[in-house]
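Please read the structure below before turning to the comments.
Just so we're clear, the structure is a prediction, and the values are computed from it rather than from any experiment. When a residue number appears, it is its place in the shown sequence, counting from 1.
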Amino acid sequence: MNRILRIHIVLLLFGFYCNAFNADIPVIHANTTFIEQDSLQIDTSYIKPLRFENLDDKYTGEDYIYERSVESSGWWIRFKQWLSDFFRDLFSIKNKGQALDLTDIAIKIAGVIIFLLVVYFIFKAVMNDEGSWVFGKSSDKNIIPVTDVENNIRTSNFKSLIAVAEKQKDFRLAVRYYYLWLLKSLTESEIIEYDVEKTNSDYHSEITSESIKNEFAYTSYLYNYIWYGEFNVNEAQFSRAKQAFINFLNSIKV
């Protein structure tokens with residue numbers, strides 16, 4: 001009996017619980033219509049797009065330059081700024097950006113030209129086997145390159161050497177031999193003391209006679225102009241230089 005009573009009490013409590021749970025759930029009928037409402041408002045008015053002109057041309061005044069001060073920059077930046085201002089004044093360029101572009105192009109072109117010139121002179125010096133000046137020595141440091149002829153100047157037969165050079169129309173080489181012959185004669189006359197390391201200035205200072213000093217200065221000029229200057233002299237020009245050397249050689253023998 002007590003057992004049956006407890007069962008009824010449990011069923012009664014369960015029924016109360018289900019009624020309370022169902023009370024919170026709304027009843028949805030079959031003909032119920034759902035209405036979805038949007039709280040956003042859509043603006044359908046016409047908006048005219050804005051168009052901007054070329055701002056680089058319009059805002060070119062000093063007030064619109066937002067760059068680092070040139071005075072606080074390095075020498076290269078200052079040089080480029082100076083060159084840019086020069087181009088702006090020269091070609092009446094109003095746009096600063098165009099002037100800077102022109103400056104960069106000019107610097108690149110100048111760099112290429114300098115590089116080609118350096119390569120040309122190095123190649124030319126190597127081909128002529130007289131490239132010592134490229135590495136810091138002037139032509140006057142060693143007035144005569146050290147060869148067998150210069151080392152044996154006292155035993156060299158310059159008449160034969162000059163005859164061969166003239167036959168081959170190598171007038172520059174002939175002038176070179178004339179100058180070596182002149183140094184040989186001055187040494188034999190004890191006017192100078194020959195040394196392959198001496199320069200024409202050294203020899204000039206050793207000469208005490210003013211007349212010989214003047215003759216030597218002129219023939220040295222001819223030698224430097226024709227040989228070191230690498231000028232292609234014609235036969236008439238060589239003839240005049242040859243006569244100057246011959247006259248000087250004859251005056252030493254007297």
Side-chain angles (χ1 to χ4, degrees), residues 113 116-254:
I113 293 175
L116 293 177
L117 287 175
V118 171
V119 172
Y120 167 75
F121 284 118
I122 292 176
F123 177 78
K124 184 178 180 181
V126 171
M127 291 301 294
N128 291 330
D129 197 22
E130 294 172 12
S132 61
W133 62 272
V134 176
F135 305 98
K137 294 182 180 180
S138 64
S139 61
D140 190 58
K141 176 61 179 177
N142 254 344
I143 190 170
I144 304 171
V146 179
T147 64
D148 292 339
V149 176
E150 286 78 29
N151 287 328
N152 300 282
I153 189 174
R154 291 178 175 84
T155 60
S156 297
N157 188 342
F158 288 105
K159 286 185 178 182
S160 299
L161 293 173
I162 292 172
V164 173
E166 290 182 347
K167 184 178 181 180
Q168 296 175 351
K169 302 295 183 182
D170 193 345
F171 300 130
R172 288 182 62 246
L173 184 59
V175 169
R176 181 170 179 244
Y177 286 145
Y178 267 116
Y179 191 77
L180 291 174
W181 189 7
L182 178 61
L183 294 181
K184 176 183 177 181
S185 299
L186 290 172
T187 302
E188 291 175 349
S189 300
E190 298 182 352
I191 298 175
I192 64 171
E193 184 177 350
Y194 176 76
D195 191 329
V196 294
E197 294 296 329
K198 288 184 178 181
T199 67
N200 57 354
S201 298
D202 294 331
Y203 292 128
H204 187 269
S205 62
E206 292 180 18
I207 301 174
T208 58
S209 173
E210 288 297 326
S211 60
I212 297 178
K213 189 185 290 284
N214 293 334
E215 289 287 340
F216 181 80
Y218 178 66
T219 51
S220 296
Y221 164 77
L222 292 176
Y223 173 73
N224 289 333
Y225 181 83
I226 296 174
W227 178 251
Y228 286 109
E230 300 181 7
F231 292 100
N232 294 321
V233 294
N234 55 37
E235 190 167 357
Q237 293 170 331
F238 168 70
S239 179
R240 290 193 294 271
K242 173 182 177 180
Q243 191 60 46
F245 280 101
I246 292 176
N247 292 339
F248 193 10
L249 288 168
N250 292 333
S251 65
I252 297 174
K253 294 178 182 179
V254 175

Distance, nearest 0.5 Å, that separates [atom1] of [X] from [atom2] of [Y]:
X: Leu249; Y: Lys184; atom1: CG; atom2: NZ; result: 10.5 Å
X: Leu186; Y: Trp181; atom1: CG; atom2: CH2; result: 12.5 Å
X: Glu215; Y: Phe248; atom1: CD; atom2: CZ; result: 6.0 Å
X: Thr219; Y: Asn224; atom1: OG1; atom2: CG; result: 9.5 Å

Quick check against the 3.5 Å criterion: does [X] have a side-chain atom that pairs as donor or acceptor with the backbone of [Y]?
X: Glu188; Y: Ser185; answer: no
X: Thr187; Y: Leu183; answer: yes
X: Lys213; Y: His204; answer: yes
X: Tyr203; Y: Tyr194; answer: no

Next item on the list: Report the residues that fulfil side chain to side chain contact (heavy atoms under 4.5 Å, CB included) with Ser189, sequence neighbours left out, ordered by chain and then residue number.
Entry: Ile191, Ile252
Next item on the list: Name the orientation class of the two ring planes belonging to Phe245 and Tyr178 (parallel below 30°, tilted from 30 to 60°, perpendicular beyond 60°).
Entry: parallel
Next item on the list: Report the relative orientation of the aromatic rings in Tyr228 and Tyr223; use parallel for angles under 30°, tilted for 30 to 60°, perpendicular for over 60°.
Entry: perpendicular
Next item on the list: Show the numbers, then the answer: is there a side-chain contact (heavy atoms from CB on, under 4.5 Å) between Tyr218 and Leu222?
Entry: CA-CA 6 Å; Tyr218 178 66; Leu222 292 176; 3.6 Å; yes
Note to self: Looking at every heavy atom in both Asn200 and Tyr179, which two are closest together, and how far apart are they?
What the structure shows: CB-OH, 3.7 Å
Note to self: If you compare all heavy atoms of Ala174 against all heavy atoms of Ile162, which two are closest, and at what distance to 0.1 Å?
What the structure shows: O-CG1, 4.2 Å
Next item on the list: Just grab all the salt bridge (Lys or Arg N to Asp or Glu O under 4.0 Å) pairs involving residues 238-251, residues at least two apart or on different chains.
Entry: Glu166-Lys242
Next item on the list: Measure the shortest side-chain to side-chain distance between Thr199 and Asp202 over non-hydrogen atoms and say whether it is less than 4.5 angstrom.
Entry: yes
Checklist line | Side chains of Leu161 and Asn157 in contact at under 4.5 Å (non-hydrogen atoms) | finding: no
Next item on the list: Decide yes or no on side chain to side chain donor-acceptor pair (under 3.5 Å) for Gln243 and Asn247, but give the supporting numbers first.
Entry: CA-CA 6 Å; Gln243 191 60 46; Asn247 292 339; 3.0 Å; yes
